[in-house]
Amino acid sequence: MPQEYKLILNHADEPGYTPDIECYLRHGGYDALKKAVALQPKDLPDGAKRSGPEQIRQEVMASGLRGRGGAGFSCGLKWSFVDRKSSKPIYLICNADESEPGTFKDRQIIYKDPHQLIEGVIISCFANDVHLAYIYIRGEMPDGAKLLNRALQEARAKNFLGKNILGTGYDLEMHVHRGAGAYICGEETGLIESLEGKRSYPRIKPPYFPAVLGLWMCPTIVNNVETLCNVKHIVAMGGAEFAKLGTPNNTGTRIVSLSGHVKKPGYYEIEIGKATIGELINDPAFGGGLRPGRSLKAIIPGGSSAKVFKAGEKFNIKGKEVDLLDLPYDFDTLIQAGSMSGSSAIIVMDDSTDIVEALANISEFYAHESCGQCTPCREGSLWMSKALHRLTHGEGRAQDADYLIKIADNIPGGRTICAFGEACSWPVQSFVAKFKDEFIAKGAADEKRHAKEVKGAGQARR
Amino acid sequence: MSFTVPANLEAGIDELISHYPVKRAASLMVLHALQEHFGWISQEAVEWTAKKLELQPINVYELVTFYPMLRQQPMGKYQIKVCRTLSCALGGAYELHKHFCEKLGLDARAHGPQTTKDGKFTVEFVECLASCGTAPVMMVNDEFHQGVSHAKADEIVGGCK
């Protein structure tokens with residue numbers, strides 16, 4: 001039987017659990033930090049010494065932790081790219097700009113267990129010789145920002161933060177920085193620009209890899225909220241032990257945000273790959289199935305930019321034919337199936353959904369949120385949204401389906417600075433390809449009605 | 001009308017600026033603080049911020065025109081922000097938005113924020129508020145509401161004095 005495995009959300013929803021530091025300390029809070037800063041240098045066989053921070057970085061690498069924000073990139077590798085010889089300060093930014101439609105996992109951590117995040121950030125900073133860190137929280141979470149500020153004060157008062165942390169000689173300052181309603185700030189280089197006080201225009205890579213040329217052109221680590229929380233648990237249990245959770249190359253747990261047409265929408269923490277998409281939707285432990293009398297139409301498996309799956313689709317996974325509902329929910333399988341687990345947000349649509357309306361909704365989002373730097377994305381996202389607006393307001397044409405595909409095919413693939421180009425194209429490409437009949441039928445019906453009206457008007461004049 | 005920033009607000013702003021090794025980085029936080037006090041970001045507020053952070057006014061103005069949460073004109077006393085994005089739309093966000101508009105005498109099909117004549121309410125659609133499991137969701141100023149039925153919506157409006 002599939003079930004939840006609560007590592008990050010172990011206490012968050014317990015009755016009586018509060019976001020203050022006393023409660024966190026009663027539940028073993030900051031023990032991992034104490035363990036981290038007390039690590040003694042290790043002698044290596046070749047006579048060299050491995051410092052405490054280096055040991056933590058090695059544990060994170062061994063844990064197989066992959067970024068929980070969307071890209072699923074190895075956290076250990078990301079940290080290994082940091083330029084440690086530049087003599088410039090190294091900064092760390094926690095990306096708490098949770099904005100990918102469908103996603104609401106970081107909100108749970110920030111609002112219910114802010115100290116877990118702060119402990120994860122402090123340990124990650126210690127491991128990477130960081131002395132100044134920021135938590136970039138989206139502007140629409142004002143209470144979250146207040147909670148985090150209060151938690152930072154409490155941590156400072158207990159000397160988990162500030163000068164000479166726990167008597168180790170290690171100094172760290174951390175501040176909360178609020179965004180102001182722009183989705184693109186979730187893109188790490190856009191986030192850095194925004195934090196610098198500019199418009200959130202993503203930077204081109206190369207040369208602006210944050211690990212080398214990040215915040216104020218200094219080496220910078222940007223990690224998602226959930227990723228940083230995992231670091232705490234890796235230090236507490238050891239990288240090898242952490243790697244036993246989940247499945248090979250998809251280690252640990254993930255908090256899956258389930259929304260749309262299910263009986264029990266919500267967030268469910270699972271061992272990665274230990275539950276299938278079908279179980280997440282239908283099992284009583286998770287979504288509890290569709291509403292009575294409804295059947296499944298489509299699923300967006302990883303936040304609104306992930307390519308859509310059509311009910312009944314079959315995939316070739318490692319030489320075997322697998323039904324959509326039997327796909328294990330992990331990073332690698334979903335990529336093999338042609339989509340992604342992204343920010344681990346599943347949006348379920350039943351047969352009552354107008355698929356053209358659904359895509360129009362998503363495209364309007366991307367047209368609104370494109371930062372406007374790159375022409376293919378700025379214009380393309382708007383053209384697609386306009387065509388879909390037409391199609392959903394009685395002004396469509398049968399050829400709109402092909403028109404949409406043509407635009408969507410010409411935005412991504414290195415034509416834009418950041419991955420937003422992909423993010424706005426993937427839904428259009430996949431929705432239209434998989435539900436083409438519905439797009440054509442809708443446009444054709446509009447054309448037919450218009451032709452009738454024009455003919456009628458002509459006759460009236462005679 | 002002259003633009004004056006009260007001393008305690010300025011002290012808070014100075015504290016915010018101290019969080020950054022480069023003053024410009026405080027821009028968004030300063031604008032948030034000013035908007036919280038004045039309700040919107042006027043031309044004077046832009047110029048004041050630029051002077052404070054040793055920038056040109058355009059460096060600040062370009063933020064006000066880019067970030068949707070920063071307001072270029074005064075808004076209603078109660079700003080109702082209804083999430084419009086997919087999961088909330090599937091959960092009835094468009095009907096909810098229409099309900100607010102009809103109740104308050106606004107046009108549900110108009111684009112952008114709309115304010116009632118008495119200046120009490122502004123209603124607008126916003127993009128994903130990151131609480132898709134409890135759709136439809138909305139905010140009234142800084143206050144977050146989830147699973148908003150039409151009855152609950154009426155209650156919320158009734159509670160705005």
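Here is how names work: the chains are called A, B, and so on, in the same order as the sequence lines, proteins then strands, and each is numbered from 1. Note that this is a predicted model, so its numbers are computed, not measured.
Inter-residue side-chain proximity for B:Leu55 and B:Thr49 is flagged as unmet; no heavy-atom pair is nearer than 4.5 Å. Side-chain contact check for A:Ser343 versus A:Arg68: every heavy-atom pair is 4.5 Å or farther apart.
With a 4.5 Å cut-off on non-hydrogen atoms, A:Leu215 does not touch chain B at all. When heavy atoms are compared at a cutoff of 4.5 Å, A:Tyr91 approaches chain B solely by way of its side chain, counted from C-beta outward. Residue B:His32 touches chain A through its side chain alone, counting heavy-atom pairs closer than 4.5 Å. Residue A:Cys371 touches chain B through both its backbone and its side chain, counting heavy-atom pairs closer than 4.5 Å. For a residue to count as touching a neighbouring chain, one of its non-hydrogen atoms must lie under 4.5 Å from one of that chain's; by this rule A:Pro101 touches chain B with backbone and side chain alike. Contact of A:Gln108 with chain B is not made at all, since no heavy-atom distance falls under 4.5 Å. In this structure, the portion of A:Tyr134 lying under 4.5 Å from any heavy atom of chain B is its side chain and not its backbone. Both the backbone and the side chain of B:Tyr20 have a heavy atom closer than 4.5 Å to some heavy atom of chain A. Residue A:Ser257: no heavy atom, backbone or side chain, is found under 4.5 Å from chain B. Looking at B:Thr134, there are no atoms closer than 4.5 Å to chain A (heavy atoms on both sides), in backbone or side chain. Of the two parts of A:Tyr366, neither the backbone nor the side chain holds a non-hydrogen atom closer than 4.5 Å to a non-hydrogen atom of chain B. The contact between B:Tyr94 and chain A is made entirely by side chain atoms (from C-beta outward), counting heavy-atom distances below 4.5 Å.
A salt bridge links B:Lys52 and B:Asp14; the closest N-O separation between the charged side-chain nitrogens and carboxylate oxygens is under 4.0 Å. With respect to the salt-bridge test (charged N to carboxylate O, under 4.0 angstrom), the residues A:Glu98 and A:Arg107 do not qualify.
Ring planes of A:His393 and A:His389: parallel class, angle under 30° (limits at 30 and 60°).
Top candidate by heavy-atom pairs under 4.5 Å with chain B, chosen from A:Ser99, A:Pro265, A:Pro89, A:Ala180, is A:Ala180. Ranked by non-hydrogen atom pairs under 4.5 Å with chain B, the options A:Glu369, A:Glu140, A:Arg138, A:Arg178 are led by A:Arg178. Chosen from A:His177, A:His368, A:His261, the residue pairing most often with chain B at heavy-atom distances under 4.5 Å is A:His177. The residue among B:Val60, B:Val22, B:Leu70 with the most heavy atom pairs within less than 4.5 Å of chain A is B:Val22. Considering only heavy-atom pairs separated by less than 4.5 Å from chain B, the leading option among A:Lys198, A:Glu357, A:Met141, A:Lys105 is A:Lys198. Contacts with chain A were tallied for B:Gly91, B:Ala89, B:Gly133; B:Gly133 has the most, counting heavy-atom pairs under 4.5 Å.
A donor-acceptor pair shorter than 3.5 Å can be found between the side chains of A:Arg199 and B:Thr65.
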Let's go through B:His97 and B:Phe125 carefully: what are the C-alpha distance in whole Å and the side-chain angles of both, what is the deciding distance for side chain to side chain contact (heavy atoms under 4.5 Å, CB included) to 0.1 Å, and is it a yes or a no? CA-CA 7 Å; B:His97 177 262; B:Phe125 264 139; 3.3 Å; yes
Could you walk me through whether A:Glu173 and A:Arg156 pass the salt bridge (Lys or Arg N to Asp or Glu O under 4.0 Å) test, one step at a time? CA-CA 9 Å; A:Glu173 247 332 309; A:Arg156 239 172 247 132; 3.2 Å; yes
Test log, rule salt bridge (Lys or Arg N to Asp or Glu O under 4.0 Å), inputs B:Arg24 and A:Glu196: CA-CA 6 Å; B:Arg24 183 175 186 173; A:Glu196 288 186 2; over 6 Å; no
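Taking CD1 of A:Ile90 as the start and CG of A:Leu132 as the end, the distance is 12.5 Å to the nearest 0.5 Å. Once rounded to the nearest 0.5 Å, the distance linking CG of B:Leu28 with CG of B:Leu16 reads 11.5 Å.
Listed in order of number, the residues of residues 345-355 of chain A that approach chain B to under 4.5 Å between heavy atoms are A:Ile347, A:Val348, A:Met349, A:Thr353.
Heavy-atom neighbours of A:Lys264 NZ from other residues, nucleotides or ligands within 6.0 Å: above the threshold of 12. The environment of CD in B:Gln56 is sparse: at most 12 heavy-atom neighbours from other residues, nucleotides or ligands sit within 6.0 Å.
Sorted by first then second residue, the salt bridge (Lys or Arg N to Asp or Glu O under 4.0 Å) pairs that include residues 119-145 of chain B, not counting sequence neighbours, are B:Arg71-B:Glu124, B:Arg84-B:Glu127.
Side chain of B:Tyr78 to backbone of B:Lys161: a donor-acceptor contact under 3.5 angstrom is found.
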